[in-house]
K.L.:
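Got a structure for you, written out below as structure tokens; questions coming shortly.
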Amino acid sequence: MFDLTGKVALVTGGNGGIGLGMAQGLAKAGARVIVAARNAQKSAAAVESLKALGSDSFALALDVTDEASVQQAFDEVVARCGRLDILVNNAGTTVRKPVDQLALAEWHQVMDTNLTSAFLCSRAAHPHLKAAGGGKIINIGSMMSIFGAPYAPAYAASKAGIVQLTKSTALSWAADHIQVNAILPGWFETELTDGARNQIPGLYERVKARAAAGRWGQPSDIAGTAVFLASPASDYVTGTAIPVDGGFSISG
Ligand code: NDP
């Protein structure tokens with residue numbers, strides 16, 4: 001039910017953090033995982049870790065904000081693998097500034113990387129998923145898909161958009177046997193949160209205290225949910241958003 005043998009998966013931003021955690025989970029389940037990101041050195045290291053898990057993995061240069069780069073990446077996947085079954089829209093960034101200090105260029109940078117990217121990659125993946133007889137798209141949202149974030153308004157807006165894009169895409173492509181779901185991670189220890197962890201006094205302890213699990217998330221904590229949403233086990237699950245937050249969002 002959770003076997004991904006023979007499946008081809010592309011993970012945007014799969015060269016580190018949460019993306020690599022999911023890529024490793026998919027590889028362990030048997031998928032051939034393509035790491036698609038900008039930093040070639042980090043991608044090469046990620047590919048080595050996936051090969052060690054038995055995946056015939058490779059890296060692709062991809063800038064998710066660039067429509068031509070997206071098209072080229074998906075063309076190359078299908079040229080090299082002959083198919084695509086799973087897309088994980090994970091690449092993301094943030095700018096930590098309140099609305100009154102945020103430049104328009106910063107707003108666009110966050111929206112393009114976090115939200116428009118998922119639209120572009122899903123649209124490019126669609127004909128290939130359809131040709132494979134169906135497939136899976138996993139979009140990465142956040143707790144900020146639900147909560148407001150006064151210190152990261154563009155990030156919160158982009159992640160709220162991910163949830164609505166997930167529902168709309170799920171409805172559009174259900175007849176093509178494509179399930180589209182989102183994961184909403186809580187606070188994970190990655191490069192993305194390094195700034196907040198280092199700059200916001202007490203944040204590290206506050207997160208530990210509020211999360212029912214009593215700790216921050218690690219990239220490996222997200223792997224099981226990604227495998228579930230990528231596998232036949234979730235064939236009757238679509239358009240939903242699953243929190244993976246150690247119980248942070250259920251706590252007051
Ligand atoms: P990291 O900063 O560790 O990883 C971000 C990834 O995105 C990198 O692999 C980076 O690769 C890639 N990326 C960024 N911009 C682009 C781009 N233009 N084109 C292609 N790839 C890009 O962050 P996380 O692992 O923490 O974040 C992964 C996802 O999880 C994001 O969507 C984030 O919003 C989400 N998330 C994270 C949480 C956390 O607590 N860490 C909480 C909730 C959600 P490269 O620079 O090589 O391109």
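Starting from 1, each residue takes its place in the sequence as its number. Every number for a ligand or one of its atoms is a count from 1 in the order of the listing. All values below were derived from every heavy atom in this structure, side-chain atoms included, with hydrogens, water molecules and symmetry-related copies excluded.
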K.L.:
Heavy atoms of the protein only: does one fall short of 4.0 Å from atom 24 (P) of ligand 1?
P.N.:
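It does: a protein heavy atom is found less than 4.0 Å away from atom 24 (P) of ligand 1.
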K.L.:
Measure the distance from atom 27 (O) of ligand 1 to every protein heavy atom, then report the residue, atom name and distance (to 0.1 Å) of the closest one.
P.N.:
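Result: Leu192 CD2, 4.1 Å.
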K.L.:
Between the side chains of Tyr204 and Glu189, is a donor N or O closer than 3.5 angstrom to an acceptor N or O?
P.N.:
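Present: a donor and an acceptor within the cut-off.
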K.L.:
Starting from atom 4 (O) of ligand 1, locate the nearest protein heavy atom and write down its residue, its atom name and how far away it is, to 0.1 Å.
P.N.:
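Going atom by atom, the protein heavy atom closest to atom 4 (O) of ligand 1 ends up being Gly16 O, 4.6 Å.
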K.L.:
Using a 4.0 Å heavy-atom cut-off, which part of Met143 comes near ligand 1: side chain, backbone, both, or neither?
P.N.:
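None of Met143 does.
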K.L.:
Salt bridge check, Lys136 against Asp235: does any charged N sit closer than 4.0 Å to a carboxylate O?
P.N.:
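Here Asp235 pairs with Lys136 in a salt bridge, since their nearest N and O are under 4.0 Å apart.
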K.L.:
Nearest protein heavy-atom contact for atom 20 (C) of ligand 1: which residue, which atom, what distance?
P.N.:
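The closest one turns out to be Leu62 O, 3.2 Å.
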K.L.:
Less than 4.0 angstrom from a charged side-chain N to a carboxylate O is my criterion; do Glu205 and Arg210 meet it?
P.N.:
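Looking at Arg210 together with Glu205, the answer is no, because their closest N to O distance does not fall below 4.0 Å.
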K.L.:
Do the side-chain N and O atoms of Asn139 and Thr166 include a donor-acceptor pair separated by under 3.5 angstrom?
P.N.:
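There is such a pair (donor and acceptor under 3.5 Å, judged by atom type) between the side chains of Asn139 and Thr166.
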K.L.:
Would you find more than 12 non-hydrogen atoms of other residues, nucleotides or ligands less than 6.0 Å from Lys42 atom NZ?
P.N.:
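For Lys42, atom NZ is crowded (more than 12 foreign heavy atoms under 6.0 Å).
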K.L.:
With atoms numbered from 1 as shown, which atoms in ligand 1 lie under 4.0 angstrom from a non-hydrogen atom of Glu191?
P.N.:
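Atoms satisfying the 4.0 Å criterion: 2 (O), 3 (O).
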K.L.:
Could you check atom 40 (O) of ligand 1 against the protein and tell me its nearest heavy-atom contact, residue, atom and distance included?
P.N.:
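So the nearest neighbour among protein heavy atoms is Phe188 N, 2.7 Å.
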K.L.:
Write out the residue and atom name of the closest protein heavy atom to atom 19 (N) of ligand 1, then the distance separating them to 0.1 Å.
P.N.:
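Sorting protein heavy atoms by distance from atom 19 (N) of ligand 1 puts Val64 N, 3.0 Å first.
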K.L.:
Which is it for Leu184 and ligand 1 at heavy atoms under 4.0 Å: side chain, backbone, both or neither?
P.N.:
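For Leu184, there is no contact with ligand 1 at all, from either part.
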K.L.:
Which of these, Gly92, Gly17, Ala59, has its nearest heavy atom closest to atom 5 (C) of ligand 1?
P.N.:
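Going through Gly92, Gly17, Ala59 one by one, Gly92 has the nearest heavy atom to atom 5 (C) of ligand 1.
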K.L.:
State, to 0.1 Å, how close Ser142 and Lys159 come at their nearest heavy-atom pair, and which atoms those are.
P.N.:
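Answer, listing the atom of Ser142 first, then Lys159: CB-CG, 3.7 Å.
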K.L.:
Can you name the nearest heavy-atom pair linking Ile162 to Leu115, along with the distance?
P.N.:
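Where Ile162 meets Leu115 most closely, the heavy atoms are N-CD1, 3.6 Å.
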K.L.:
Can you check which of Lys159, Arg38, Lys42, Glu189 brings a heavy atom nearest to atom 15 (N) of ligand 1?
P.N.:
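Selected option, by shortest heavy-atom distance: Arg38.
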K.L.:
Can you tell me if Thr193 has a non-hydrogen atom under 4.0 Å from ligand 1?
P.N.:
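Yes.
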K.L.:
Any non-hydrogen atom of Ser117 lying under 4.0 Å from ligand 1?
P.N.:
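No, that is not the case, since the closest heavy atom of the residue is not under 4.0 Å from the ligand.
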K.L.:
Looking only at N/O atoms, are Asn15 and ligand 1 under 3.5 Å apart anywhere?
P.N.:
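Yes: some nitrogen or oxygen of Asn15 is under 3.5 Å from one in ligand 1.
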K.L.:
Can you tell me which portion of Trp187 lies within the under-4.0 Å heavy-atom range of ligand 1? Options are side chain, backbone, both, or neither.
P.N.:
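The backbone, only.
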K.L.:
For a quick check under 3.5 Å, do Ser122 and Asn89 share a side-chain donor-acceptor pair by atom type?
P.N.:
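Yes - a donor-acceptor pair under 3.5 Å links their side chains.
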K.L.:
What are the atoms of ligand 1, with element, lying closer than 4.0 Å to any heavy atom of Ser142?
P.N.:
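Counting atoms of ligand 1 from 1, those under 4.0 Å from Ser142 are 43 (C), 44 (C).
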K.L.:
Could you tell me whether Asp63 approaches ligand 1 through its side chain, its backbone, both or neither, with non-hydrogen atoms closer than 4.0 Å?
P.N.:
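It is both parts that get close, each with some atom under 4.0 Å.
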K.L.:
May I ask you to identify, for Thr190, whether its side chain, its backbone, both or neither come under 4.0 Å of ligand 1 on a heavy-atom basis?
P.N.:
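The answer is the side chain.
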K.L.:
May I ask you to check whether Ser158 and Asn114 show a side-chain donor-acceptor distance below 3.5 Å?
P.N.:
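A donor-acceptor contact under 3.5 Å links the two side chains.
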K.L.:
For atom 34 (O) of ligand 1, what is the closest protein heavy atom, and at what distance to 0.1 Å?
P.N.:
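For atom 34 (O) of ligand 1, the nearest protein heavy atom is Tyr155 OH, 2.6 Å.
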K.L.:
Would Trp216 count as a contact of ligand 1 if the rule is a heavy atom under 4.0 Å away?
P.N.:
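Checking ligand 1 against Trp216, which is what was asked, there is no heavy-atom contact under 4.0 Å.
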K.L.:
Just by distance, with hydrogens left out, do Ser220 and Gln24 show a side-chain donor and acceptor under 3.5 Å apart?
P.N.:
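Short answer, no.
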K.L.:
Using heavy-atom distances, let me know which of Gly195, Gly186, Gly141 sits nearest atom 42 (C) of ligand 1.
P.N.:
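Going through Gly195, Gly186, Gly141 one by one, Gly186 has the nearest heavy atom to atom 42 (C) of ligand 1.
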K.L.:
Considering only protein heavy atoms, which is closest to atom 43 (C) of ligand 1, and at what distance to one decimal place?
P.N.:
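Nearest neighbour among protein heavy atoms for atom 43 (C) of ligand 1, to 0.1 Å: Pro185 O, 3.4 Å.
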K.L.:
Hey, is Asn39 touching ligand 1 through its side chain, its backbone, both or neither, going by heavy atoms under 4.0 Å?
P.N.:
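Both parts.
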K.L.:
Can you tell me if Ile140 has a non-hydrogen atom under 4.0 Å from ligand 1?
P.N.:
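Within the 4.0 Å threshold, so yes.
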K.L.:
Any idea which of Leu115, Asn90, Asn139 brings a heavy atom closest to atom 29 (C) of ligand 1?
P.N.:
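The nearest heavy atom belongs to Asn90.
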K.L.:
Starting from atom 22 (C) of ligand 1, locate the nearest protein heavy atom and write down its residue, its atom name and how far away it is, to 0.1 Å.
P.N.:
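Of the protein heavy atoms, Ala91 CB, 3.6 Å lies nearest.
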K.L.:
Taking side chain as C-beta onward, heavy atoms only, is Phe58 less than 4.5 Å from Val33?
P.N.:
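Not touching, per the 4.5 Å side-chain cut-off.
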K.L.:
Salt bridge check: are Arg38 and Asp66 linked by an N-O gap of less than 4.0 Å?
P.N.:
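No, this pair does not count.
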